[in-house]
Each structure stands twice: as C-alpha cells, then as structure tokens.
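Data block below; observations after.
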Amino acid sequence: MPRYDPARIEPRWQAYWEQHQTFRTGPYEPGREKLYVLDMFPYPSGDGLHVGHPEGYTATDIVCRYRRMTGHQVLHPMGWDAFGLPAEQHAIRTGTHPRETTYRNIDTFRRQLKMLGFSYDWSREFSTTDSDYFRWTQWIFLELFDTWYDPDCEWTGPDGRQRTGRGRPIAELAIPDEIAAGGDEAVRRYQDSHRLAYQHEAPVNWCPALGTVLSNEEVIDGLSERGDHPVERLPLRQWMLAITRFADRLLDELELVDWPESIKLSQRNWIGRSTGAEVDFYIGPPETSTETLDAGFASWQADRTACGFPDAAGPDVLRVYTTRPDTLFGATYMVLAPEHPFVDRLTIDSQKEAVSGYQAQAAAKSDLDRTDLAKEKTGVFTGSHAVNPVNGSPIPIWVADYVLISYGTGAIMAVPGQDERDWEFAEVFDLPILRTVQAPEDFQGKAYTGDGPAINSEFLDGLAIDDAKARIISHLDETGQGTTPVNFRLRDWLFSRQHFWGEPFPIWHELDDEGNRTGLMRTDPDESLPVELPENFDFKPHGRPDPPLEEAPDDWLYRTDDDGTRLKRESNSMPQWAGSCWYYLRFADPQNQERFVDPQLEQNWLPVDLYIGGAEHAVLHLLYARFWHKVLFDRGHLSTPEPFGRLVNQGMILGEAELTGYRDEAGDWVSSPEIDTATFAGESVSLSGDEVEKRGENFVLKSDPGIVIDSRAFKMSKSRGNVINPDDIVAHYGADALRMYEMFMGPLEATKPWSMSGVEGVSRFLGRVWRMITEERADDPCPNRAIQDVAADDDQLRLLHLTIKSVTEDIEKLSFNTAISRLMEFTNAVGQSDPRPTALMEPFILLLSPFAPHISEELWNLLGHESSLAYEPWPEWDEARLMTATLDIPVQVNGKLRGKVTVASDADPETIQAAAESDEGVARHLDGKTLVKAIVIPGRMVNFVVK
RNA sequence: GCGAGAGUGGCGGAAUUGGCAGACGCGCCAGAUUUAGGAUCUGGUUCCCGAAAGGGAUUGGGGGUUCGAAUCCCCCCUCUCGCACCA
C-alpha cells in the first residue's frame, strides 16, 4: 500500500534527469524561440542554503519547465560567486586553504539544489574561483585598463541606437603636443590618467589590533565589529574604475530594460545626476592676507572677464559647486572639507593648532560617524577670507566635516538663509545670515528653501529661483567666474581589496633602483592569463595595512622583464563584485578557451530574458554589471547594450509570526504600545495563540484584555532562533512540498512570513493528488481504478479548460500562488469523482509538473508513459469549452445585492431585466418604490435605482 | 528628513482592473470512517442582531466622483524597505 512518499520518488527522478541529461541545453537552434532565465549568482556560504534561495529558484524553474513544454529552447544555468571574505577568515582561523573551504561549500550547495529538483543545465556550471573563469575576469580588467572614455564620440551601436560618448582603445587617445614633447614616459603617464582602470589614494579602515583592513560595514562607531578595537582611516594606493564616465549612459539606458520602477528609481537616485554651477571665489595667491585680499580682486576679475573660466582652478581661487547659484548674494561664509588641499595654506598661524586638531579628529571618523552622529555642527575658522564674486565683500573661510571632499569640489559657499545645514552651522558659530529669497509671510522656519522672489540680490531682485539662476549663470559666464557642470552622486568604483581570496590583477609595477614603484606599469599579456594566486604561502595578516599578497613568495611577486626592468606584481586583489559582473555572459559559452564568450553565442542567447533575485542587489551588482557590459559593448565585444531584460525581485521570507507580551520588573503585564524599546528593562514573553484574542485593531491578553500584545514576524536570524532549514523541510515533506509551499505563500515579490502548517496544507494537497491518480491500498504502485478511458462530461471539460487557461496565464504573470490554488480547485472538484477520465488526469499532471516535478513524473510514468514529461506539449485550452449555457447574474437594488437570477448566457438586456424584476427577493425591494433607472450589463450584473 | 511599497476574516492571501468582497490554503466547529489515536472523507466558518426567514455593518480612518469603489481622486494614520549633511 504505497502512500505518497517523496523520499522514495524524488531521488529516483533526480537520478533519472541526471542520467538522461534531461535539462542539458543543446546547441543553439536558429529560428526556435529562446529563453535565457537566470537566478542571481549565489555565494556558497558555509551555512548552506536558506529558505530564501529556493523561492527565486523555484520561480525560475517553473518558468523554464513550462517553456520547455511550449517548445522554447531554454538556457537555465547555475554557478558560484565564490571568492570573498568568509572563506578567507575561516582560513585564518583554521589554517584550511580557502580553496578547500570554498569547494566544499559548493558541493553542499550543489547537493542541496539537486535535492530540490531544479532543472539546471549542470554541464555549464562554474565557479568564479575556477582559473578557467577568472582568467577572463582578468582579461576584462585588461580591457578596462586599455579603455578611455571619449565623451564626444558620436556613434551608432550594433543595436541601432545613436549615442554620444564611447569607451575607446587607449591607443586612440590623442596625445597633446606638449605631452608628446615630454617623451615616452610622459605619454604613458598621460594615458594612465585617462584609463577606465586607474590608481588613486583612497582611505581604508585600518585596524592595527586585528592587523587587517576592514570594510565599512565592519566598522561601528570607529571600532571594529569584531573585538571593538580602534580603527584608523589610512590613505592607501587603490585601483578605481571610472564608472562615473558612464553615468549618463547608465541613467539614460535604463529605459531599455523591463525592471520594477522602484529599482530603476534606486539606480537613478544612486547615480544622482544634478546640474548646478561651479563658481570661483578669489583668495589671492599664496601668502595673501585678509588685508591684502582686496587689492588683487579687481585685476583678477578683469583677467577673468577677458580670458574666461579655466578648466582647472588656479591657486588664487577656491572653486565651489552649488545647485543654487541664485543665492550667491547670500553666501556669507565658505566651508572647506577637512581634507581640502587648500586648508593648510589658508590657515593663519594662530589657527594652525585648532585646524590640524580638527583635521585629525575628522580623519578618525568613518563616513558614517561624520554623517549619522554629527547632529551638532562642528568646524573651525581658518583665519582667511575669500571674496564673494558678485559683491566683492570678503567672507570668512571655515573648515567643517559636514562638507565632503568626495562630492563636487570639496568646498562650498555657505548660504544660511536658504540652506538648513548652513543655517545650523551659522547659528552655532554666530555667522551672519542673509535671506536672498523672500519667504512667504506665514513662514515660521529658519532656512527657507522654497521658491519666491529674490531679495537683497541687486540685479536678481524680484526674479523667481529659475529665472534668477539663469540670470546669475549668464553673469558668471560673461565675467569668467563660473560655469555649469553636471555632477553625480555616483563615485568611481573602488576596485581593490587588501585580501588574499580574490582575483589577482594582471598588472606589474616598474621598480626603480631602490625597489620603489615608479608609477609606470606593464600588463600581463592576454595569452599568459590567468594570473594564479601564489601557492604555499601564509595568508595570515602580516600586521601592515598593505595587502597580504605583499608577503607572497618572491618568484610570484617579482620578475625582470626582457629589457631588464625590475617588476613587482600588483598585490591588491579584486573585490567580490568582479566575478559576478559578467557571469551571465560566460554561461552562454562556459568552456570557451579562446574568448570570454563566442560573439555568435552572445548574440544568440543574450540578453537574459528573466532575472530573479533579491532586492539587496538593486543598486550595486546591477549597476556594476551594466557598467562592464557597456564597456564591452563599446569595445565591440557584445551586441546587446543591456545585460538583463526583465528583472524581478523576490520578497523576503520572514520567520513564523510571533506573539509577544511584556512584563515589567515587578512581573506585571504592560501594553506593548506603552513600551519604549530603548529603555524597557522588563522581560518579553512569547505567547501561544490561545492565550490571546483580537479586540478591535489589536491582539490582547485573554486573561487581561487591557494588555495589548505584539504580533509580528521577524527576519530569520540565528540569534532569534527562527531559521528554517530547507534540508529539514525536504526530509519531512519532500522537495515538491517545499517548492509548492514557497510558491503558494503569496506573491513572489511580497515579504511574507513562514508557516509550518502552511507547508502541511500543501503537502496534504500533494497527498490528494497522489490518491486521485494512484491506488493507495494496492501493494505495488498502480493507477487508481477510477481512472478509465471514458469521455469527460461537459462540466469536467469546462473545469479542465478553465484550469489550463488560468494556470497558463498565471505562470506567465509569475502569479504562482493563484496558479496553485487553481490546481487545488481542480482536485477538489474531480478528485473524488468516479470514473475519472484519463483525458482529465493527464493534462492535470502536465499542469502540475512545473511546480511539483517529481510527483508529476512519477504519476505520468504510472499512467503508462515511458519517458520524462519534461518535453511533453503543454496543454492548450479551447475558449469554446469555457462557455456555459446559463449564467447566474447578481441583481442589486440601489447598489445592494438583493438576489440572483439564472439566465441564458446569450440573453438580451430586456430578458435579463424581466427575469431580475420577477425575482422574489428583488421584487420585495422594488415594491412600492419608483424605478428611476435600470442598469443591465449582460453577462455581468443588474442594478435597479429606485426612490 | 527624503523616496518607494503596502494596509482586506483568527492567520497567509484572492478579486477578470470600476460590477456577487473574502477564491485557495491554514486554523476552528460539526459529522462519517476507525477499537482508539493518527490519517482520510463530507459539510460549515467575515462580524453583529435573529430560533429561523431575513436584516444590518464591513477592505486602516475621514471626505469625494459614480447607478455601482478594496479598485479612481483629496486629506490623515500605521507598518515595511531603501537613501540619508551630495551643497
């Protein structure tokens, strides 16, 4: 008597699929519709799969299985984003090589995914840590290194779209004569300064106690997350990628993709394009004092009017960026970021101590501390002044950390009258405030940032903001004191890490006689790639901020080139993002030894048609991947301008809902809204469902209904102890039940709480399906004797066709929860009927198969089919079969439902109205009233309006 | 603070896009089967009044448009998720 036993049938079909290579994508067939469906690249962590993974993976699997049955050629690969810190930290703790840990974790992940029955083409699997893969990651880095961005290049891509601006080979960069005159080395340095991959000093979080560099997330309040050790900010030579050069392209071409608006918006905000003005404030040549400042101003202005606004700010001016040039007359002081190069020079002797102290303080703070915690504005006066270019008045120059060196020019003109931050600062330090926009009479606040006529602004007075901006910009332009650049919030991408477990850079630094870097570089030739990580060396922290690879064996770290130049290998490694930036390309051609992807295969399979993953990658991964894609596109390696067509974010799965009550120190219950979580010192008590009841909006304690109880679901976390392990669910209920439950929980994109009894519900459904098809009481598996080759009746056929239609349409909408409920309705209706026509059961199994493939294969097989149903044609529905002879039509009187009438489905309005009026329940409500209007919508409803 | 999304039974969620609110599942209640438990099957289950027939209320709250609103418009409240001194 075989019951539904997933533990028996699931491994069997998994083995069958593997043996028969059922889901291997064959050679691309021209003319047949293709579908490339991709899951976001998982990091194979040591904890194994969590229940969030199967959510997206099941969704994509359903689409793929469905599309194979509709005749599409489907590309559905899986691989591993396996470089990264956890394996390295594990290695430092245990001495196990990260490679070993990584490949062991991959084995676990692969086993778990196979256990869930996903239809990946495993022959395409790879890991970012495979040298055969990172060889091409390094090659792409060399392409970036070999590319400069020509903002003026007008061209039409293979996609037919016209663009201005293109990444071009560095050899095509025009060398100015004065550079060429400086010789070969000058030319090389000039080229290096234009490459998309370049070097730059950038601060890192150096923790001397741990002897390692930490990421921003690992630093909390200036202390290390592990061990609370102090963290310093140190400038270090780093690699940067000039993603900002592509900012406009990344922004504009968002219109080419089918992504959720919210994700597009996040990207737009992250790129943060703003147009404003750069304005130069005269400070005089070095050594100018406040007394002598005035003297040079007039002649400087005259020079500028004659020569115009220079590209680079000279030593005699402070250049600021502002989006509100119309408020220039209200600029009553200036502020420099503590890191601004002019700070030292502008600080007068008596202020030196205060200023350098302030700079040191700012350097110690992380970016987070400087923003989040700095409620009260801080700063120091340099003692120097600059001249406001529109009215010639000297204004003080301050240093404050509310101005960031990395945005705009690192200096601002402060307009406290129209800027809240500047107002706050002016209040603290008692600086003058001048309103230059007329606030409305009822305006109560401090700084006024709204629109209004300009005041106290001479030739701008009376103009609204936009007009005033235009007017002042043309004035600044004419006098050579300002210009209108575009600014981005987006920064260039810090592309190096001081870690061992990442891709090495294919870069060599030239050394001088003393063994110091000259700043000149050479690259590893393409054919010598990959650059492997060194073997046999201790990757433990060596106690200095520079990368662990600095301690690599000399034969890895040094060599002498043919011309006798001593070279030292780049010792930084690439960040984890690198490998995930292009993996979707490699899947189209994973074994290619000649290229990163064959151009024909790229054209065949790209772009990704459906990309599903968590919203945590809304900005960075998607932006970085788009950036690399565009560089490769510009360089002629790709035919598609965007990597991902349709993007869907799966929602988070929370832990099971919890009911929590609170008791104070005395042990008395306290209502949850009365509790201030920050100060509450009592205990929280977990309650069961029968201890509480619903009263109005809230849950309250049954024993004391005055006490309000918290009811909510929390994010799964080890510390909360509410983590669900997919292995346990599979062991208990089977993979099909887990897959179906995760799809049945609610809409794919919604955040939703886990429910163990929900899993049981779905598992019971699979049991009903099993009994509908099989004879449970027989000793060996055999079809249920109610299943017979008889004709289905009209009602059954209507239900079948309705189910086919709904399930098909729901899958296409990714509305899996409603598709499953349709399948349930079907079994509820025919699961007990006898006989059960084969012609009903077989299409049903096919409809079920994308969701619960194992049980479906088993039942299909039981009904006498020799081979897998994976490529059976998907059932089709017949609209004519959906029609019924009669329809129940609701009848309303004054909008309230008062009855229902059954009429022929093709009845005309008069017939329907007559039937409605004669309905007993309706007639009662019409009786004695005047009929004002009758609305009859055939096939839908009737509404009588009466008085 | 700014931005986005969401508020529907005891719970997760449906609702053809303006036309029978609560599909489907969980939970609960009753019945059948069973020595019993489990499993299974059948029926019921938004709330209130009522023995019933029936009636009333109801999609976070308030207002509006409409014959008709969960759905469209305005105001407010709550929750979740991003971003956060970007000049």
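Lettering of chains follows the sequences in order, A, B, ..., and the numbering in each one begins at 1. This is a predicted model, so every value here is computed, not measured.
Under a cutoff of 6.0 Å and an axis angle of 45°, A:Lys377 and A:Phe425 do not form a cation-pi pair. In this structure, A:Arg3 fails the cation-pi test against A:Trp770, since its NZ or CZ atom is not both closer than 6.0 Å to the six-membered ring centre and inside 45 degrees of the ring normal.
The separation between A:Arg268 atom CZ and B:rA4 atom P is 12 Å, rounded to whole Å. When rounded to the nearest whole Å, the span between CG of A:Asp401 and C1' of B:rA84 equals 15 Å. The nearest whole Å value for the distance from the NZ atom in A:Lys752 to the P atom in B:rC79 is 22 Å. Separating the CG atom of A:Leu802 from the C1' atom of B:rA14 is a distance of 15 Å, rounded to the nearest angstrom. As rounded to whole Å, 13 Å separates atom P of B:rG27 from atom CE of A:Met756. Atom NE2 in A:His340 sits roughly 13 Å away from atom C1' in B:rA87 (whole-Å rounding).
In terms of modelled atom types and a separation under 3.5 Å, the side chain of A:Gln650 and the main chain of A:Gly52 share a donor-acceptor contact.
At a threshold of 4.0 Å, the pair A:Arg924-A:Asp927 does not count as salt-bridged, since none of the basic side-chain nitrogens sits closer than that to a carboxylate oxygen.
With B:rA15, B:rA21, B:rG19 as the candidates, the nucleotide lying closest to the side chain of A:Leu897 is B:rA21. Side-chain proximity of A:Glu825 to B:rC20, B:rA23, B:rG19: nearest is B:rA23. Closest contact between the side chain of A:Phe744 and the listed nucleotides B:rA87, B:rG19, B:rG25 involves B:rG25.
Within the model, atoms CZ of A:Arg324 and OG1 of A:Thr436 stand 7.0 Å from one another, a figure rounded to the nearest 0.5 Å.
A side-chain N or O of A:Tyr407 and one of A:Ser274 form a donor-acceptor pair less than 3.5 Å apart.
At a cut-off of 3.5 angstrom, the base of B:rC67 holds no donor-acceptor pair with the side chain of A:Lys933.
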Which atom pairs link the protein and nucleotides 36-45 of chain B when you take only N or O atoms and keep those under 3.5 Å?
residue, atom, partner, partner atom, Å
B:rU40, O3', A:Arg771, NH2, 3.3

